Amino acid sequence: MDILEYALLAVGVICLVIGYRRNSRNILLAAALVLFAAAGLGSFVDGFVDGYSGPLASQR
């Protein structure tokens, strides 16, 4: 999971630099979304796995 977060962070920073240099709002928006996903992806996946496995563990 850490590798995916670091990869998204790198892609977001690269898109941020490219969007700033080309003055492209669409690329800057994509960079913001990718950086947002990089920051929240780990917590989201951990919570999803805990929520999915919680009811299954209580049935056994």
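Since the structure is predicted, the reported quantities are computational estimates derived from the model, not experimental observations.
With rounding to the nearest 0.5 angstrom, the SG atom of Cys15 is 11.5 Å from the CG atom of Asn26. Atom-to-atom distance recorded for Asp46:CG and Phe44:CZ is 11.0 Å, nearest 0.5 angstrom. Taking CG from Leu41 and CG from Leu9, the interatomic distance works out to 12.0 Å, rounded to the nearest 0.5 Å.
In the hydrophobic clustering of ILVMFWY residues, with side-chain heavy atoms under 4.5 Å counting as a link, Ile3 and Val11 come out apart. Residue Val45 is grouped with residue Leu8 when hydrophobic side chains (ILVMFWY) are merged at heavy-atom distances under 4.5 angstrom, including chains of intermediate members.
Nearest heavy atom pair, residue Ile18 against residue Ile27, reads CG2-CD1, 4.2 Å. Here the closest heavy-atom approach between residue Ala31 and residue Leu16 is recorded as CB-N, 3.5 Å.
The environment of CG in Asp50 is crowded: more than 12 heavy-atom neighbours from other residues, nucleotides or ligands sit within 6.0 Å.
A donor-acceptor pair under 3.5 Å links the side-chain atoms of Glu5 to the main chain of Gly42, judged by distance alone.
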